[in-house]
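This chain uses plain numbering: 1 for the first residue, then up along the sequence. Read the numbers this way: they start at 1 and go in the same order the structure lists the ligands and their atoms.
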Amino acid sequence: MTGRLSRRALLAGATGLMAIPALAVGARRARVVIVGGGFGGATAARYLRRAMPDLGITLIEPSRLHVTCPGSNGVIGGLGPLSRLEHGYGHLRSRLGIEVVHDTVAAIEGERRRVRLGGGQWIAYDRLIVSPGIDMRWNEIEGYDEAAAQVMPHAWKAGAQTALLRRRLEAVEDGGVVIIAAPGNPFRCPPGPYERAGLIAWHLSRTRKGCKVLILDAKDSFSKQALFQEGWKALYGDMIEWVSGANNGRVVRVNAAEGWVETDFDRFTPALANIIPPQGAGRIAVAAGLADAGGFCPVDPVTFESRLVPGIHVIGDACIAGEMPKSASSANNQAKIAAAAAVASLAGQGFGPVKAINVCYSLLAPDYAVSVAGVYEVADGRRAAVAESGGVSPLGADAHARKAEAEHAADWYAAICADAWGA
Ligand code: FAD
């Protein structure tokens with residue numbers, strides 16, 4: 001794969017921040033509050049500290065351990081335990097002096113610049129960074145609600161849902177069909193459903209006879225499509241079938257109790273249904289008035305400051321970042337930009353456009369991966385891909401190249417997690 005080193009170098013060094021001395025607002029120290037300790041929020045905390053050693057930084061996150069979605073398709077396919085995806089906040093707290101509060105933000109008052117915790121306490125901020133990820137849009141697929149997700153898991157937030165889908169997969173018998181319902185755009189991790197199809201096929205092809213993976217898609221094309229289809233064929237023959245939206249692939253209705261899934265014209269009763277429903281910005285962002293009618297949050301593409309509520313930056317899956325995909329890689333880059341923009345704003349300085357990158361590896365088997373990368377600039381008021389930047393792995397590459405990409409995927413995971421949660 002060409003350009004590998006430069007991608008890694010970019011990841012490590014993107015948007016290097018200059019340290020700015022401590023700032024006071026009136027008699028007190030300036031404070032940035034961060035909502036969410038996932039890829040966006042944790043990275044923002046680290047880079048704020050790097051930029052301003054004496055800044056007050058409060059990170060609010062309900063979980064004591066963040067379980068990453070990257071790597072979770074591998075857990076479903078049996079490549080390792082869920083525990084290998086867990087990241088704590090000890091480094092941020094004890095090494096970087098970030099105040100980590102394990103609670104949920106229940107309300108944001110943009111005008112009064114404060115947030116209310118689930119426990120009732122108010123915390124004031126000078127700038128707020130919001131990175132709550134996504135929430136499911138229940139019942140947009142008729143019958144698919146939180147109860148149905150206990151029978152037909154989405155596994156689109158890592159943790160209990162991932163473990164449930166893994167257990168349900170282990171119960172599939174010879175000849176069983178697994179359905180993956182993939183949503184329309186935009187959604188978290190555009191290549192994710194297709195990576196999952198490959199790793200489920202990998203598991204079933206080794207442990208069962210005559211199983212199939214049927215992807216019912218709301219879309220007519222998908223990320224890295226030619227690479228996925230080439231790899232599926234080479235690795236699994238006809239075991240994986242993809243049905244586009246135009247070919248009646250969109251799932252419109254499910255009945256979890258009876259175990260069926262319907263498109264407009266067909267009903268399926270699979271051994272296992274993995275329903276990935278339409279999504280919107282995390283609930284708190286919507287409640288705070290940060291989202292538009294489409295369910296995600298419009299932002300200034302230079303600073304990631306909300307277009308709807310001043311003083312608040314929205315990053316990661318929750319924001320609308322033009323052509324940047326909703327990925328951990330994007331969230332990590334956007335966090336660095338928002339941190340730099342927040343610090344510049346506190347210092348009364350201007351902030352100009354910075355390029356951002358995304359790189360995304362997908363496994364089709366433990367030693368077979370493909371990737372896509374892109375560079376995004378601000379053009380015509382939005383984040384747009386720089387022409388001729390990035391690209392995808394070549395079609396027709398040999399097994400060594402695919403194995404090397406799988407190794408780079410592991411390196412990428414280690415690097416980006418260290419960049420977010422620390423060593
Ligand atoms: P998250 O990382 O989800 O973090 C959000 C955090 O906010 C959570 O910890 C949550 O608890 C917290 N939160 C929510 N609401 C509140 C509240 N009210 N108060 C306080 N905290 C709150 N991306 C890649 O780049 N590469 C991959 O290989 C990849 N693989 C993926 C595989 C799968 C199966 C899936 C589903 C996704 C994958 N992604 C991948 C996408 C990636 O996981 C997301 O894009 C990324 O996590 C987005 O970061 P975020 O900060 O927006 O959200």
Option among Arg93, Arg29, Arg31 that satisfies the salt bridge (Lys or Arg N to Asp or Glu O under 4.0 Å) test with Glu99 | Arg31
Is there side-chain contact between Leu227 and Arg402, with at least one heavy-atom pair below 4.5 Å?
-> yes
Can you pull out the closest protein heavy atom to atom 22 (C) of ligand 1? Residue, atom name and distance to 0.1 Å, please.
-> Pro62 CD, 3.8 Å
Decide yes or no for Phe296 and Lys326: does some side-chain heavy atom of the first lie under 4.5 Å from some side-chain heavy atom of the second?
-> yes
Ligand 1-proximal atoms of Ala331, by part, heavy-atom distance under 4.0 Å | side chain
Could you see which bit of Ile284 sits under 4.0 Å from ligand 1, with heavy atoms only: side chain, backbone, both or neither?
-> side chain
By salt bridge (charged side-chain N to carboxylate O under 4.0 Å, His left out), Glu377 pairs with (sequence neighbours left out) none
Heavy atom under 4.0 Å from ligand 1: found in Arg196's side chain, backbone, both, or neither?
-> side chain
Atom 52 (O) of ligand 1: the protein heavy-atom neighbour that sits closest, reported with distance to 0.1 Å | Asp317 N, 2.9 Å
Atom of Ala321, atom of Phe304 and distance for their closest heavy-atom approach | CB-CE2, 4.1 Å
Atom 1 (P) of ligand 1 [closest protein heavy-atom partner, distance rounded to 0.1 Å] = Arg188 NH2, 3.6 Å
Have a look at Trp242 and tell me which of Phe222, Tyr194, Trp232 forms a ring-ring contact (aromatic ring centres under 6.0 Å, His included) with it.
-> Phe222
Taking the minimum heavy-atom distance to atom 30 (N) of ligand 1, which of Ser327, Ser131, Ser72, Pro70 ranks first?
-> Pro70
Relative to atom 31 (C) of ligand 1, which among Pro132, Cys189, Ala285 owns the nearest non-hydrogen atom?
-> Cys189
Would you say Gly282 touches ligand 1, if touching means a heavy atom closer than 4.0 Å?
-> no
Contacts table for residues 181-191: side-chain donor-acceptor under 3.5 angstrom, sequence neighbours left out:
residue : atom : partner : partner atom : Å
Arg188  : NE   : Asp317  : OD2          : 2.5
Arg188  : NH1  : Trp156  : O            : 3.3
Arg188  : NH2  : Asp317  : OD2          : 3.0

Of Val105, Leu165, Ile315, which has the heavy atom at the shortest distance from atom 18 (N) of ligand 1?
-> Val105
Protein heavy-atom partner closest to atom 32 (C) of ligand 1 - residue, atom, separation in Å = Cys69 O, 3.4 Å
Backbone, side chain, both or neither: what part of Trp412 comes under 4.0 angstrom of ligand 1, heavy atoms only?
-> side chain
At the 4.0 Å heavy-atom cut-off, does Gly133 count as touching ligand 1?
-> yes
Mode of Tyr361 contact toward ligand 1 - side chain, backbone, both, neither (heavy atoms, under 4.0 Å) = backbone
May I ask whether Arg283 has any heavy atom positioned less than 4.0 angstrom from an atom of ligand 1?
-> no
